[in-house]
Structures are given as C-alpha cells and as structure tokens.
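First the proteins, then the strands, lettered A, B, ... as listed; each starts at 1.
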Amino acid sequence: MANLPNTPKLDELTKGPWPSFVSEIKRAAERSDMCKDLLGLLERSYNEKIGHWKHGGIVGVMGYGGGVIGRYTDLPEEFPNISHFHTLRINQPAGWFYTSEALRTLADIWEKHGSGLTNMHGSTGDIIFLGTRTEELEPTFADLTAAGFDLGGSGSDMRTPSACCGKARCEWACYDTMKACYDTTMRYQDELHRPMFPYKWKFKFAGCPNDCVASIARADISVIGTWRDDIKIDQAEVKNYADAGLDIFDDVVLNCPGKCMKWDGNTLEIDNDYCRHCMHCINVMPKALAPGDKRGATVLIGAKAPIIEGALLSSVVIPFIDIDEEYEEFCDIIERMQDIWSEEGKNRERVGEFIQRVGMGNFFEAAEIDLIPEMVTHPRENPYIFFEDYYEEGDEEEEEE
Amino acid sequence: MADDKPKRVTDIGPPHYEKFLPPVIKDNYGKWKYHEILKPGVMVHYGHSGDKLFTVRAASPRLMSIDKMRDFADLADKYCDGYLRFTSRNNVEFLLTDESKIDPLIEDLKALNHPVGGLGNSISNIVHTQGWVHCHSAATDASGIVKAVMDEMYEYFSEMKLPAKIRIALACCLNMCGAVHCSDIAILGIHRRPPRIDHNTLERLCEIPLVTSSCPTAAIRPTTTPEGKKSVEVIEEQCMFCANCYTVCPSMPLNDPLNDGVSIWVGGKVSNARTAPMFSKLAIPFIPNNPPRWPEVTDAIKNIVEVWAANARKYERIGEWINRITYPKFFEMTGIEFQKEHIDDFKFAGLTYHRTAQLVR
Ligand code: SF4
Ligand code: SF4
Ligand code: SF4
Ligand code: SF4
C-alpha cells in the first residue's frame, strides 16, 4: 500500500453514493507519485480555496501545434512530481464506442507514460490523458499512433469533431452522424493538428433535433438531423399509448409548437406542412411515430460560450441537405465560409462573433450562399438600413437608353 | 541518431468507429425501429430485423483511473463480448444482447460503486470541467461540487420520478470549456475581483496590445510604471471579471480565495423539442466556495429541482416551466432573492426588460 498524503477534506468526497473522483485519484496514486502529489496539492486547494496551477506553457509533439495542454504547478518544491502535469487530448472514436481491448491498450500506454488518470471524456469529446512530463510526450504519441490513435485539437485550430451515436443505436438518426464525423475529422487532419485559424472551430453532429451533443450551443458548425416528408404514424400504436394512459391531447397536442396536430380520441392527424420538426411527439410515442424517409440535416453556424463578446447559439445556414449523399457540397459550403473568417477574422474571434461584426447578410453574400427567410427569426425591426446603391439624377434615363 | 529513428507516424486521425461496433449494431445500423426504457438505466432498442440491443447506463465520475478503465473492460468482456461506449455526458454504457445478463451486470456495477440510471425523466450525469484538479483559471473546483451535488441528487439519477429531464452542467470559469450556458441548471465559477497586475513580469510575458484588446469592456489601458516598466492598468469600475485578459496574459490573475465562488443559472436547453433552444438565466449571483461539500450550492440546487418537480407539467423542462409561470413566480416559489445582479447591463440588455403589461398576480 502506497503512502498517501493526509487528505481529510478530500476524504469527505470518498463517501456517498456517487462514484468518487477522489477514490479514482487514490487508486492511481498506488502506483503513481504524480497522483500522490496531486492529492496533496488538491487538499491544499480545498483548504485555501484557490487553484495551484500556473498558466499553461507551450509544449507539444513534433510537427503538431495542438493536442497537448502544458500544465505546471506553482508549488513545484513541495510537489515536485507534478512540476510538469501536461494533458494530452486524444481523438475519440466517433460515437465513443470502444472494445475492451481498445480500453486496455489506452490504459497500458498511459500506465507507461503518465499519471494513470484520464477523463472519459473531455468537454469537446476527446479522450483526456491527465498529467505527464514534457519528455514523455513524444514516446506517448509514438505508442498512441502505433495503436492507431492520434491526438485531438487545441488552440486556434479545428477542434476534434464529435457526434451522437446516430444510426448505430438510434432510430431517430436522420443521417449517418458517425460517418460524417469521421469523414470530417479525416478530411481536415491538417487543420486539426496545426493551428492556422483566428480561433477555435468546432463541428458537432447530432442525428436529430434532440441534439444530444449540444451542437446548437457549442459548435461553430452544428449539423442537426431532420426530415422533409411526413411523420410516419402507426395509428394502432397511438391508440395503444392512449389506452395505456397517455393523455395525447394534453401531453402531445398542446405541446406541439406548430399547432399542427389533432386528436379525436381515435386518430392522430398531423398537418405536416406546419410541422416544425421539433421531435416532441416522436419522443413521447417512439413506437407510434417516426421521422419520415426523406432524411437529411439542417446546418447551423456560430455557437459559442460567452468569451469574448457574449454567448451565441448557432443559426441556420442550410435548412435542409441530404448530407449522406451531398457531403462534398456540404464541405464546399463550409469551406467557403471558413475561408472568409480565416482571412478576415480578428485574433481570438469565433466565427459567430465575426458574423455579428460584419453582418450575416454580408457574410453569406461573400460566401455565395443564397439569403433566405429561414436564416432569421423575423425580418429586421429597425429602419437603419444600409442600402448599397442609390441613383444619381439622370441614371434612370441612362438605363433606358 | 535522428537518422535511424523509425518513421514517425502523424495525421492518422482516430481509429475507424466500425472496429468498435458490436455485430448486432453492424447488422442493424440505420435500421432501428424504436426503443423502450425498461427500468432506470436500462433500455432496449428493437431493430426492424427483430434483433434487440440492451443498454445499461451507469454513472462515471469522468475523472477516471486506468484501473477503472480496466474494470469496465473486464465487465464488458464478462457481459457484452467486450463492447461498451461512453455518452456525451460522461456516463458509461454497456451494450448487451442477452437480456438475462442485465441484472448480474447491474450488481457488479453496484459493487464497483457505479450506480445505473440517468435515462428518461431523470438527472443525467453532470458535465463539467477541470477545476482545481488541473486548470489555472478556475474560480472553483469542478469534480468536488459535482460529486457533492450528485450525492445529494442521487435519487433523481437512479429513479425516473421527475416531470422531465434535467441537464446540469458545471464550468469553473467563464471560459466555459464545457459550454454550460444552455443547461437546465448551470453551476458557473465566477471571479469577483479585478486582475492583480504583476508589473514586474507583464512586459516580458505578455503582448500589451493583445491584452488591451482582449477586454470586452475596454477596461484595460497601456501604462508605464513609475519605475519605467511598460505595463497596463485596469479601470476597476469597468471590469466584470471575465478573466479574458488573464487568458492572454499570465501576469493578470483574478483567482482570489475571498472573492471566488459560484453562480447558479437556470432554464436553458439545447433540444429543439417543443420549444426552441434557450440560454440559462441567472438565478443566484454568488455563493462562496465552501469545500469539500459546498452545502449552500447543493441546497440551492435541490430547492430549485424540488420546487420545479412539484409544480411543472409533464415534459416541461425547467425553462419551459418558468416561461409559463413567469420569473416573478419563480423567485417567489423558490424563495430566491431578486437582486441588482439579475438585471443585465451588457450588450442587448434592453431585450431582457419586461416590455409588456402582462404580469401574473
Ligand atoms: S441526437 Fe437524436 S439521433 Fe442522435 S442520439 Fe440523440 S435522439 Fe438519437
Ligand atoms: S414534430 Fe413537433 S412540430 Fe412536428 S408535429 Fe410533432 S410536436 Fe408538432
Ligand atoms: S472552465 Fe475555465 S477554469 Fe474550468 S477548466 Fe475551463 S478554462 Fe479552466
Ligand atoms: S477581467 Fe475581463 S473585464 Fe476585467 S479587465 Fe480583464 S478582460 Fe477586462
């Protein structure tokens, strides 16, 4: 049994029904001096109510600008084993599916080269290896690539794309999210490993409007599955739900944002021309209703957290595209938008902020994207219109000539 | 020496996902018909083929040792031919085809202290960031609060007795690595003291134009210290403690034990079901850090969840409930005090003023 530091505060967090991260660190500390020091440092933070990490440094593996976050404690004398405690981001398999063999491979690599602590997974979706020294970065990378894994993104590059499990395990997936995610990751390997943008750029692929990967809040490009033909209805199954006690009027019809459903106690009618593809009715009655067969995705742009100019949700660029079939066209549109931002965006300006600054009309026009009413909640309310042309006297006559 | 190194492999990307899919998924890929939740944490997907795929979802602390990874691998071998996955909210899911193995798996998971749940109308795992475990910017810890809150809210994870889903998220500073700003409940670490400027190192470590332009409120000006050092100064009344300056300049830390703490936000969602996605709104501007268990934070969250659960209609997420009952009622029912900090004063603040005479009594 390793000699662990005395951590009365942290020990409180080994109690209770929820799995304890402190127990995890303690377990790793049986073999890792890094984790022992981490326990000591964290206990100190719990006593002092302040973190003890320095601002990151620039470390990485050769030829990559991203994928490693440098981290050093500000108390290296007391906690020498975490004087370096760098993080590696490793690109997760799409949909976060693994075999036991893959997990063991990752565990073995990390036992050899680092603290033995991980995040499964980080916020962007990567596998996170938490804590190693600078000189271990290259050897870890060599073992990872030998096992078929590669690093993810960090800094002002394309971040690791992520996807919901989609067609692998969800009847609502309106396109192949995992394929789109994998293809996008592979197509943009250079952009992912070598920061060349004004700031980060994230893709997230959700198979339906339930958006299990929070793409609309978190991704510069949010791809959300949807459909364009009628919702499929199995009236007998609707009746079964009603017989089983579901109040179809209160719980389904009244919640429909399109106000396009009718229920007479026997038959459910949907006026599909006014359906907003919100998923509610389908979520409530998965056995009776399903998205139609004409499936594809809505593509939105620009979500981000508050830093710097305030939080944004993504907004519509392409109302519907059959992305499985028209993937090249999708990429072409994305690249046109990305090029403009990449050229003209300011340092640390996300594309959503860039669009706010230059105006969505100007941005889409420059990217040669047709302007359509789906892009706005409503037309402008203010009359400060930047008309781009005006006539000089005599112009009209000239035109007639 | 460099000459006889083996060729370095780069840019290979992640392994192809197909390598990790169980046969039942390969056979039914894109051909699932519907699913049912059988009990807390257990669901079954039916293929058009008639095949069934069972999923057992268990809690995970996100911060995991490789030993636990190996435990999960062993369970996957024992019960599901080695196939498992993780969810976007850091739960672990075991993928089974043999229904009779579900209960033994659940028992084994319990023995490992990994309860099952988080499906349907429950509280799923809290997505969160690094906190004091690994980040320089943190105004609070992440894993500690999450553990304390989930211990307290455990019954809502392991049972399905809420009117709708709740998605809780935590970020330990405004950078929001885990974008929490569209969560039913967001726990957000905040600083409350302007950056302390280290004039001795600033010129060496930071690019002054980058620092001044980083400030959303233009509170930072270049200056020269009496000793002749190039540095910056902060107009303190203009600082709203976003720490963006610190992100670009290590000589401007905001971390401060007396003034750091957490804020609580409510009513966001990302799903498009029923209502459009929404941002979370401020419920409680500040709660001091109180490790190891942050009891004031767990009480506040429990209160909000329980008032909502007692009053919401079926399927009504917290934000949808509040939009129906209106915010004055939310403050009244939860007993949370309305303060000056609740009124927005940044860009577009006017859009949040109540611009109608429609009010509840
Ligand atoms: S986003 Fe939709 S398709 Fe993807 S897992 Fe969630 S419900 Fe299924
Ligand atoms: S998907 Fe939404 S908008 Fe369409 S019919 Fe169902 S509830 Fe109404
Ligand atoms: S939210 Fe802030 S403090 Fe927390 S991990 Fe991210 S950058 Fe660090
Ligand atoms: S914390 Fe934010 S508001 Fe305050 S000086 Fe720094 S950048 Fe400006």
Engaged part of [X] at the chain B interface, taking heavy atoms whose separation is under 4.5 Å:
X	answer
A:H121	both
A:I25	side chain
A:A311	both
A:A173	neither
A:I216	side chain
A:T87	both
A:L38	side chain
A:Y72	neither
A:M186	side chain
A:C170	backbone
A:V22	neither
A:L246	side chain
A:R194	side chain
A:N119	both

- SB check A:D108 B:R70 (cutoff 4.0 Å):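 Salt bridge: yes.
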
- Message: Does this structure show an ion pair linking A:R27 with B:D71, if we count only N-O contacts that are shorter than 4.0 Å?
- Response: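 The answer is yes: the pair qualifies as a salt bridge.
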
With heavy-atom distances below 4.5 Å as the criterion, would you say the side chains of [X] and [Y] are in contact?
X	Y	result
A:Y98	B:F72	no
A:R31	B:I66	yes
A:E24	B:P61	yes
B:H136	A:R71	yes
B:D11	A:H193	yes
A:L130	B:L63	yes
B:R8	A:V61	yes
A:R104	B:D77	yes

Is the backbone N or O of [Y] less than 3.5 Å from a side-chain atom of [X], with the two atoms forming a donor-acceptor pair by type?
X	Y	value
A:T118	B:M64	yes
A:W53	B:W132	yes
B:H181	A:A217	yes
A:N91	B:G13	no
B:S88	A:C212	yes

Side chain, backbone, both or neither: which part of [X] has an atom under 4.5 Å from a heavy atom of chain A?
X	value
B:L84	both
B:L75	neither
B:L210	side chain
B:T275	neither
B:C172	neither
B:H35	both
B:E36	side chain
B:H128	backbone
B:Q130	side chain
B:K147	both
B:L53	side chain
B:D81	neither
B:C182	side chain
B:Y83	both

Mind ranking [options] by heavy-atom pairs under 4.5 Å with chain B and telling me who comes out on top?
options	result
A:H52, A:K26, A:M279, A:K54	A:K54
A:E138, A:K304, A:E101, A:R169	A:R169
A:C165, A:C256, A:G125, A:A28	A:C165
A:D150, A:N347, A:N255	A:D150
A:Q92, A:K346, A:E111	A:E111

As an exercise, state the distance from [atom1] of [X] to [atom2] of [Y], rounded to the nearest 0.5 Å.
X	Y	atom1	atom2	value
B:T217	A:I308	OG1	CD1	12.0 Å
B:N255	A:I50	CG	CD1	5.0 Å
A:F97	B:L95	CZ	CG	6.0 Å
A:D247	B:R313	CG	CZ	11.5 Å
A:H55	B:Y246	NE2	OH	5.0 Å
A:H280	B:N272	NE2	CG	13.5 Å

- Is there a donor in the side chain of A:R348 and an acceptor in the side chain of B:N244, or the other way round, less than 3.5 Å apart? yes

- Item | Criterion side chain to side chain contact (heavy atoms under 4.5 Å, CB included) against A:L13, the qualifying member of B:P292, B:P291, B:S143 | B:P292

